[in-house]
Every structure is written in C-alpha cells, then in structure tokens.
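A, B, ... follow the sequence lines: proteins, then strands. Residue 1 opens every chain.
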Protein chains: 2
Amino acid sequence: MDKLVQELVARKIRPSIQRVKILEYLINNRIHPTADQIFQHMQKEIPTMSKATVYNTLNTFLSVGLVRLLTIGGSEARYDINMTTHGHFKCESCGTVHDFTIDLEDCELGGLDDFTVEKRDVHFRGYCPRCSSNPGRSSKC
Amino acid sequence: MDKLVQELVARKIRPSIQRVKILEYLINNRIHPTADQIFQHMQKEIPTMSKATVYNTLNTFLSVGLVRLLTIGGSEARYDINMTTHGHFKCESCGTVHDFTIDLEDCELGGLDDFTVEKRDVHFRGYCPRCSSNPGRSSKC
DNA sequence: TCCCATAATAGACTTGTTCTAAATATATAA
DNA sequence: TTATATATTTAGAACAAGTCTATTATGGGA
Ligand SMILES: [Mn+2]
Ligand SMILES: [Mn+2]
Ligand SMILES: [Zn+2]
Ligand SMILES: [Zn+2]
C-alpha cells in the first residue's frame, strides 16, 4: 500500500483512497480492464465510489503517463498499467486482450517523412489459444 | 457509375442508389471519413437519406470486406475503402488520418504461439508535416 | 481550530451508434 | 399485369460510453 502511495506522490498526485485503490487494482489485474470493469470491482471495496471518480482517476493517471489507453476494437476504452513497449491482441470470440512482444524498429516503413511520430500502437485480432482450439466460440475465456 | 454497381453486385449487395452513392464517395474521398462526414456529404446528393442508412450501408460493406473499420483515437469510427495492407497515422493536432506503408513480416514477434491472428492494425500518432512545421497547431490542415 | 484548494459524488448531458416500427422499393409468382 | 413476399430506407427512440456541472466532502497549512 505504501508503495502505491509513493508511486502517486512521485507524480504529484494526491494519494486519495480512491486513487490508491484504483492503482492497486490496475497493478494486480493486468487484464486491460474497461472503466466499467474497474467501477464494478470498486463497488466491493468502496461502495460509495462514483463512476465519475473512476474516469477522473484514469484521466489523471493518463495525463502523467502512469497508464496507457487502448482503443482496440472500438466501443469501450481499456487501460493498461504496463507502459513498456508491446503489442495487443484482442480475441474476437471472448474479448480478452493479450500482450505480445514486437519490435517495430526492424520494420520497413514508408510514407512518414516529415511526420513527427509520438505514439505507436499495434493491434492484432483473431482467436486466442482457448477459443482457437474450441470451435464452440463460447465467449467465456 | 456502372463500375460501382458491378462492385456491389459481385458481392451480392443490391445496388440501391444510396449504396452506390456511398461507395462512390468512399472511392473518391480517401480521407478515412467518419459516418457523420459521409452523412453530411450525402445530404447534398440525396437529401432524404437518413443516418441509419449510412450506418446500415457501412455495416453491409464491412461484412463483405468492401471497407475496413478504423478505431484510431477512439470516439468515432472511420471507414477505409483501401483494403491493401497499410498502416495509419493520425495527427493529434488536425485529426487527419494518413496512410503509410509497413511490412510486419519483417517484424520480430513473441508471445503469439497458438493464437490465430486474422487482422493486423498499426496505428501511429503524432503530428503531420503541416502541423509539425507550424507550432501554432491550428486544427485545420 | 478555521481556511482554502483539491477531490469525490450524483446525476444531467452529449455524442456516436444501434434498434424499432412503419413506409417504400424491388423481385418473384400467379 | 397484379398480387405477394422480401429487402431497404426512414425517422426517431433507445442505448451506452464518457464528460460536465453543481454540490458536498476532505485534508493540509495558517
Ligand atoms: Mn498491455
Ligand atoms: Mn487507409
Ligand atoms: Zn478467446
Ligand atoms: Zn496535422
């Protein structure tokens, strides 16, 4: 818990109970959760927490580079506490998002002369091992 | 116009006036438009066309692989008639989306054993040449 | 302790998209 | 051709993710 507080203080974010708990959740549940998944979980820990606080907190974390935003697939945003360079795979059957390693430096690029590239995202989609081997395509993984 | 009809018939899509006009727009305006941009343009051509028709048509086109869906940046979907392999760059200043060439085959990947990869998207963000050279960051490009 | 700035809260609001039910258009059958 | 069935369009309601607003709570410094 103390480590979490440090993490926030180091980034000049006041370590409110709400913020610490959300940070704790992100660190312990590396499933690229949606805001709603975080909100649902928080109801157990701090039943009074509002959805606005979840969004406020995530936006605060985003602004200091504590989390990254994934917009893979569209309708809802996902949040990732893992700031290292990596790609994301989304299973079209069960919806889970998985990390993979990729080194774009090797990659042949063209058409970006004079562009200032600041962020690079790689999104793959398809079927995860469980869904690939089970043609039933349950939607539970 | 006839070519457009062929394109739709070949994919077993009934070539209604609405569908042909939307296809024509996508082919002639390769700006990765949003549904609303398409709707705005259609108001000039077919003033009675409803927004639902724009969405219905785009979803029909998506289902037969005539367009691809881009969810770069989040809030609104963009549609791309260019089905060749390429990456997308979104300017954080003016919002325009640009194509670039990339060959992911060269790329060192890890952690995707037993995954069935069906779609690959590469999204870069930053500043386009015009916005890079003009620190004013106008939002018009 | 009292202040003041910051944060949390509930709910209204906005926006992009889908759904629904009715009207219209097109294809097929008699 | 007319009747009937099917597919498409339409307008607006409904929905969902996320933001905004106004109010209340919190917590550190004087
Ligand atoms: Mn990740
Ligand atoms: Mn493109
Ligand atoms: Zn799966
Ligand atoms: Zn630009």
Side-chain angles (χ1 to χ4, degrees), chain A residues 4-5 7-9 11-25 32-64 66-79 90 95 97, chain B residues 4-5 8-9 11-25 32-64 66-80 90 95 97:
Chain A
L4 301 173
V5 171
E7 191 81 46
L8 295 176
V9 170
R11 290 180 164 81
K12 304 198 206 307
I13 297 171
R14 209 148 85 183
S16 67
I17 307 101
Q18 290 87 348
R19 288 169 172 170
V20 172
K21 281 294 178 189
I22 290 175
L23 178 58
E24 186 182 39
Y25 175 80
H32 310 92
T34 64
D36 196 63
Q37 281 180 290
I38 297 167
F39 176 68
Q40 297 299 332
H41 180 91
M42 286 305 134
Q43 303 229 284
K44 299 171 203 156
E45 309 233 1
I46 306 172
T48 56
M49 192 188 294
S50 83
K51 212 160 208 180
T53 298
V54 174
Y55 281 107
N56 288 343
T57 300
L58 290 169
N59 287 334
T60 301
F61 288 1
L62 279 173
S63 70
V64 297
L66 193 51
V67 296
R68 74 161 77 171
L69 180 65
L70 306 185
T71 55
I72 193 171
S75 64
E76 42 188 8
R78 290 166 174 275
Y79 299 86
K90 180 170 189 184
V97 175
Chain B
L4 301 173
V5 171
L8 294 176
V9 170
R11 289 180 163 82
K12 303 198 205 308
I13 297 171
R14 208 145 88 183
S16 68
I17 306 102
Q18 289 87 346
R19 288 168 173 170
V20 172
K21 281 293 179 190
I22 290 176
L23 178 59
E24 186 182 39
Y25 176 80
H32 310 93
T34 64
D36 196 63
Q37 281 179 291
I38 297 168
F39 175 68
Q40 297 299 332
H41 180 92
M42 286 305 135
Q43 304 230 280
K44 299 169 203 156
E45 309 233 1
I46 307 172
T48 56
M49 192 189 294
S50 84
K51 212 158 208 182
T53 297
V54 174
Y55 281 105
N56 288 344
T57 300
L58 290 169
N59 286 334
T60 301
F61 289 0
L62 279 173
S63 70
V64 299
L66 193 51
V67 297
R68 74 161 77 172
L69 180 66
L70 305 185
T71 56
I72 193 170
S75 62
E76 43 188 7
R78 289 166 175 274
Y79 298 86
D80 191 355
K90 179 168 189 183
V97 175

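- Nucleotide C:dA8 holds its P atom 13 Å from the CE atom of A:Met42, rounded to whole Å.
- One can place CD1 of B:Ile22 at 11 Å from C1' of D:dT9, the figure rounded to the nearest angstrom.
- Take the nearest nucleotide of DNA chain D for B:Ile13 and for B:Lys51: the residue whose nucleotide is more 5' is B:Ile13.
- We find that CG of A:Leu8 is positioned 15 Å from C1' of C:dT6, with the value rounded to whole Å.
- Applying the 4.0 Å criterion to OP1 and OP2 of C:dT26, one finds that B:Arg14 has every side-chain N and O outside that range.
- Counting to the nearest Å, the C1' atom of C:dT9 and the CD1 atom of A:Ile46 are 13 Å from each other.
- If you check the side chains of B:Gln37 and B:His41, you find no donor sitting under 3.5 Å from an acceptor.
- B:Asn59 comes within 4.0 angstrom of the backbone, heavy atoms only, and of no base.
- Side-chain contact between B:Leu69 and B:Asp80 is absent, with no heavy-atom pair separated by less than 4.5 Å.
- Taking only side-chain nitrogens and oxygens, A:Ser50 never comes nearer than 4.0 Å to OP1 or OP2 of C:dG11.
- A residue-by-residue look at A:Ser75 and B:Lys12 shows that B:Lys12 has its nearest nucleotide of DNA chain D further toward the 5' end.
- Across the protein-nucleic acid pair, B:Tyr55 atom OH and D:dG12 atom P stand 17 Å apart, rounded to whole Å.
- Of the two residues near DNA chain C, B:Ile17 and B:Asp36, the one whose nearest nucleotide lies more 5' is B:Asp36.
- Atom pair A:Lys21:NZ and C:dA7:C1' shows a separation of 18 Å (rounding to whole Å applied).
- Shown here for B:Val97 and B:His32, the closest heavy-atom pair between the two residues is O-ND1, 3.2 Å.
- Among the nucleotides D:dT9, C:dA7, D:dT10, the one closest to any side-chain atom of A:Arg19 is C:dA7.
- Contacts of A:Thr53 with the nucleic acid, taken as non-hydrogen atoms under 4.0 Å apart, include base atoms.
- At least one side-chain heavy atom of A:Phe61 sits less than 4.5 Å from a side-chain heavy atom of A:Leu23.
- An OP1 or OP2 oxygen of D:dT9 is reached within less than 4.0 angstrom by no side-chain nitrogen or oxygen of B:Thr48.
- A straight line from CD of B:Glu76 to P of D:dG18 spans 15 Å, rounded to a whole angstrom.
- Residue A:Gln18 places none of its side-chain N or O atoms closer than 4.0 Å to OP1 or OP2 of D:dT26.
- Regarding A:Asn56, its CG atom lies at a distance of 15 Å from the C1' atom of D:dA17, rounded to whole Å.
- Contact check for A:Gln43 versus A:Met49: no side-chain heavy atoms found under the 4.5 Å cut-off.
- Within the structure, a side-chain polar atom (N or O) of A:Ser16 is placed less than 4.0 Å from OP1 or OP2 of C:dA8.
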